[in-house]
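Reviewing the structure listed below.
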Amino acid sequence: GVNMIFSPSVCAGVALAGMTSPTGRSHTLDARADGYARGEACGAIVLHDGGVAASLGVCGSAVRQDGRSASLTAPSGQAQQGLLRAALADGGCRARAVARAGAQGTGTGLGDPIETGSLEGAVLSKRDAATALGALAVGGVKANIGHAEPAAGMTGLLKLVGGLHNGEASPNAELRSLNP
């Protein structure tokens, strides 16, 4: 995944549309969520059977598009839940086995709650308190490096895999108070 910003025109356009944060930061999952910050990134990862993926506990994957939603900035919670369920089914995993989730987490007051609601609906609501592994650690890389747009999924995956490899859930840089 690669994103490089060569022209200010897109920055100006998304700012005029009110999509970017006036603070220049993505306040992922935070009550201060007010838009996103653009970022640049370049990253790659190779997953293969019996290698890194298996050793880190990555059990499945899925690809979907957001489907019909109210607007460009309003993600579809139904589509997100479908994606999560498909990834769990692909890996033969149960929701109770999920310990960490990498959120899209753009840092918007609308999108972040929809996404966490999707995690609740597809993962947390399926857990049995007696058998669950405990809390679900949810993180997002955009608070650390901004929204790398076409490279956003790759940067999120790299952050999540890095945390799994180190046995920790890295913090969201801008998280002070959870978005209610």
_Minimum heavy-atom separation for G43 and L158, please, with both atom names._
CA-CD1, 3.9 Å

*asked:* So which atom in P75 and which in Q80 form the shortest heavy-atom distance, rounded to 0.1 Å?
replied: CB-NE2, 3.4 Å

_T20 side chain to A37 backbone, donor-acceptor under 3.5 Å_ = no

*Of all the heavy-atom pairs spanning H27 and D112, show the shortest one and how long it is.*
O-OD2, 4.0 Å

*Calculate, to the nearest 0.5 Å, the distance between atoms OG and CG belonging to S61 and L157 respectively.*
10.0 Å

Give every donor-acceptor pair under 3.5 Å between a side-chain atom in residues 172-180 and any protein atom, sequence neighbours left out.
{"from": "N172", "atom 1": "OD1", "to": "G140", "atom 2": "N", "distance (Å)": "2.9"}
{"from": "R176", "atom 1": "NH1", "to": "A173", "atom 2": "O", "distance (Å)": "2.9"}

*Would you say N166's side chain and G162's backbone share a donor-acceptor pair under 3.5 angstrom?*
yes

_Please determine whether residues V98 and V138 belong to a single hydrophobic cluster, defined as Ile, Leu, Val, Met, Phe, Trp and Tyr linked transitively by side-chain heavy-atom distances below 4.5 Å._
yes

*Heavy-atom pair of closest approach, residues G39 and N3*: O-ND2, 2.9 Å

_Atom pair SG (C42) and CE (M4), whose distance is rounded to the nearest 0.5 Å_ = 8.0 Å

*Report, as yes or no, whether the 6.0 Å neighbourhood of atom CD on E149 holds more than 12 heavy atoms from other residues, nucleotides or ligands.*
yes

*So if you build clusters from Ile, Leu, Val, Met, Phe, Trp, Tyr with side-chain heavy-atom gaps below 4.5 Å, do I114 and L119 land together?*
no

_Least distance between heavy atoms, G109 atom then A33 atom_ = N-CB, 3.8 Å

*Does L124 belong to the same Ile/Leu/Val/Met/Phe/Trp/Tyr cluster as L84, with side-chain heavy atoms less than 4.5 Å apart forming each link?*
yes

*Are any side-chain N or O atoms of E168 and backbone N or O atoms of G163, one a donor and one an acceptor, separated by less than 3.5 Å?*
no

*asked:* Does atom CZ (R25) have a neighbourhood of more than 12 heavy atoms from anything else shown, all under 6.0 Å?
replied: no

*From Q81 atom CD to E120 atom CD, the distance as rounded to the nearest 0.5 Å*: 8.0 Å

*Taking all non-hydrogen atoms of both residues into account, name the closest pair between L136 and R100 and its distance.*
CD1-N, 3.8 Å

*Look at the side chain of T108 and the backbone N and O of G35, then say whether any donor-acceptor pair between them is shorter than 3.5 Å.*
no

*asked:* Between K142 and Q104 (side chain of the first, backbone of the second, donor and acceptor by atom type, cut-off under 3.5 Å), is there such a pair?
replied: yes

*Donor + acceptor pair across side chains of T28, S26 (<3.5 Å)*: no

_Straight-line distance of L29 CG to E115 CD, nearest 0.5 Å_ = 7.0 Å

*May I ask whether L83 and L160 are part of the same hydrophobic cluster, defined by side-chain heavy atoms of I, L, V, M, F, W, Y residues being less than 4.5 angstrom apart, directly or through others?*
no

